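Please read the structure below before turning to the comments.
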Amino acid sequence: MTTTPFGFLDGTGFERLDPRFSTCLPGPERVVRLWTGGRWCEGPAWFAAHRTLVWSDIPNNRMMRYDELNGTVGLWRQPSNNTNGNTVDPQGRLVSCEHLGRRVVRNEHDGTQTVLASHWQGKRLNSPNDVVVHSDGGIWFTDPSYGILSDYEGLRAESEVGCNVYRVDPSSGAIEVVADDFVKPNGLAFSPDGSMLYIADTGASHDPAAPKHIRRFKVNSDGRSLGANTLFAECTNGLFDGFRIDTLGRIWTSAGDGVHAYDPDGTLIGKILVPEPVSNVCFGGVSRNRLFITATTSLYSIYLNARGL
């Protein structure tokens with residue numbers, strides 16, 4: 001397989017905005033394209049046990065798989081119910097958000113699927129978008145309307161519920177709304193200690209006056225609800241979509257010109273430039289210091305001096 005490095009601005013593919021960003025970069029490292037051929041790639045998820053990455057190609061209704069050991073890419077699942085966001089739970093099971101199915105599912109070790117969420121108070125969800133699993137086993141996901149706005153990434157339909165953020169209780173399976181004041185809730189991730197939850201709003205995708213930011217919420221002591229929140233960051237190019245957090249609390253988020261890196265204090269410290277709008281990122285590799293990047297038609301990666309949670 002041929003890999004391609006890219007260089008921009010300073011010749012390295014980075015925009016350095018704060019000295020703290022340089023500590024994240026291991027010398028001459030570059031962004032590398034691993035594969036191309038998708039329509040809108042999303043939802044990368046890393047399986048440490050067999051060193052593979054799976055991700056969604058939503059409009060093509062398929063999921064792809066990258067094998068780190070031999071560098072090959074192949075079809076992993078088709079049809080995929082227009083799966084969008086994915087994550088791997090502590091038991092090594094894939095948890096996925098389906099646009100077409102309008103549900104969140106867990107892929108069990110025996111190959112079967114368990115539906116974790118499909119309705120709220122008897123009404124169908126819109127099109128679950130991104131999902132994370134808290135250390136207590138609770139499953140948190142966002143549910144904007146992207147998958148039902150047209151037939152491109154799902155199936156056009158009328159919304160039956162608002163665009164909310166939900167939590168699935170790990171014991172009872174009960175589904176609760178944890179935030180209902182978003183235009184288009186999108187990516188989400190917990191802080192290293194699980195006490196804070198970051199949630200992106202991409203409402204500006206359909207209304208320039210709507211939000212294009214990330215908010216930071218306090219997770220209440222009950223572990224099931226959210227408390228006070230503050231504006232964490234406003235996107236300076238494109239929209240924040242999916243993002244992940246490293247062990248030092250830095251946020252690595254998708255944007256229109258690549259991956260933006262934020263210090264926990266909210267400072268934009270630098271950018272990893274990518275030649276396509278980025279949708280999502282995921283840490284992987286043996287040391288969890290390899291950042292995988294899904295960007296429109298392609299899969300990219302770069303090694304960092306940072307480890308994902």
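These numbers come from the heavy atoms of this one structure, side chains and all, not from hydrogens, waters or symmetry mates. Keep in mind it's a predicted model, so treat the numbers as computed, not measured.
- Under the 6.0 Å distance and 45° angle rule, R215 counts as a cation-pi partner of F182.
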Under 3.5 Å donor-acceptor pairs involving side-chain atoms of residues 143-151, not counting sequence neighbours:
unit_1 : atom_1 : unit_2 : atom_2 : d
D143   : OD1    : N126   : N      : 3.2
D143   : OD1    : S127   : N      : 2.8
D143   : OD2    : N126   : N      : 2.9
D143   : OD2    : N126   : ND2    : 3.4
Y146   : OH     : T202   : O      : 2.9
Y146   : OH     : T202   : OG1    : 2.7
Y146   : OH     : S205   : OG     : 2.7
S150   : OG     : Y152   : N      : 3.2
D151   : OD1    : R156   : N      : 2.8

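- Hydrophobic clustering, with ILVMFWY side chains joined whenever heavy atoms are under 4.5 angstrom apart, keeps L273 apart from Y303.
- At a cut-off of 3.5 Å, with distance as the only test, a side-chain donor of D246 or W252 sits close to an acceptor on the other residue.
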Full working for side-chain hydrogen bond (donor to acceptor under 3.5 Å, both in side chains) between S191 and D193: CA-CA 6 Å; S191 62; D193 64 1; 2.9 Å; yes
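- Between W55 and W35, the ring center distance clears the sub-6.0 Å criterion.
- Every residue was checked against the salt bridge (charged side-chain N to carboxylate O under 4.0 Å, His left out) condition with R124, not counting sequence neighbours, and none meets it.
- Within the structure, the salt bridge (Lys or Arg N to Asp or Glu O under 4.0 Å) test picks out no pair touching residues 195-207 (sequence neighbours left out).
- Listed by chain and number, the residues in a salt bridge (charged side-chain N to carboxylate O under 4.0 Å, His left out) with E42 amount to none (sequence neighbours excluded).
- Taking the six-membered ring where the residue is Trp, F190 and W140 present perpendicular rings, their angle passing 60° and hence far from 30°.
- Side-chain contact check for I58 versus T83: every heavy-atom pair is 4.5 Å or farther apart.
- Side-chain contact check for T72 and N70: at least one donor-acceptor pair (N or O, by modelled atom type) lies under 3.5 Å.
- Within the 3.5 Å criterion, the main-chain N or O of D241 finds a donor-acceptor partner in the side chain of S254.
- Distance alone, capped at 3.5 Å, places no donor-acceptor pair between the S298 side chain and the T36 backbone.
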Pairs under 3.5 angstrom only: tabulate donor-acceptor contacts from the side chains of residues 285-292 to other protein residues two or more places apart or in another chain.
unit_1 : atom_1 : unit_2 : atom_2 : d
R288   : NE     : L309   : O      : 3.4
R288   : NH2    : F283   : O      : 3.4
R288   : NH2    : L309   : O      : 3.3
R290   : NE     : S301   : OG     : 3.2
R290   : NH1    : Y66    : OH     : 3.4
R290   : NH1    : E68    : OE2    : 3.0
R290   : NH2    : Y66    : OH     : 3.4
R290   : NH2    : S301   : OG     : 3.1

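- Each salt bridge (Lys or Arg N to Asp or Glu O under 4.0 Å) pair with one or both residues in residues 271-287, not counting sequence neighbours, appears once here: R33-E276, D257-K271.
- Listed for the D169 side chain is a donor-acceptor partner under 3.5 Å among the backbone atoms of S171.
- Judged as a salt bridge (charged side-chain N to carboxylate O under 4.0 Å, His left out), and not counting sequence neighbours, R39 has no contacts.
- Under the side chain to side chain contact (heavy atoms under 4.5 Å, CB included) criterion, Q113 pairs with R77, E98, R103, V105, N107, not counting sequence neighbours.
- Ion pair R93/E108 flagged as a salt bridge, since at least one NZ, NE, NH1 or NH2 atom sits closer than 4.0 Å to an Asp/Glu carboxylate oxygen.
- Residues meeting the salt bridge (charged side-chain N to carboxylate O under 4.0 Å, His left out) test with R20, sequence neighbours left out: D18, D263, D265.
- For residues 218-241, the pairs satisfying ring pair (Phe, Tyr, Trp, His ring centres under 6.0 Å) are Y198-F232, F232-Y262, F240-Y262, with sequence neighbours left out.
- Heavy atoms only, all atoms of each residue included: T87 and V131 are closest at CB-O, 3.6 Å.
- A salt bridge links D136 to R167: at least one charged side-chain nitrogen sits closer than 4.0 Å to a carboxylate oxygen.
- No side-chain heavy atom of T294 sits less than 4.5 Å from a side-chain heavy atom of V278.
- Hydrophobic cluster membership of V183, counting Ile, Leu, Val, Met, Phe, Trp and Tyr whose side-chain heavy atoms lie under 4.5 Å apart directly or via other members: none, as it forms a cluster of its own.
- Side-chain atoms of D67 and T52 form no donor-acceptor pair, as typed in the model, at a separation below 3.5 Å.
- Applying the ring pair (Phe, Tyr, Trp, His ring centres under 6.0 Å) test to every pair with at least one member in residues 104-127, sequence neighbours left out, gives these pairs: W120-Y166.
- Between atom CE of residue M64 and atom CG of residue L34 there is a gap of 12.5 Å, rounded to the nearest 0.5 Å.
- Side-chain contact annotation: S96 with N86, donor-acceptor N/O pair under 3.5 Å present.
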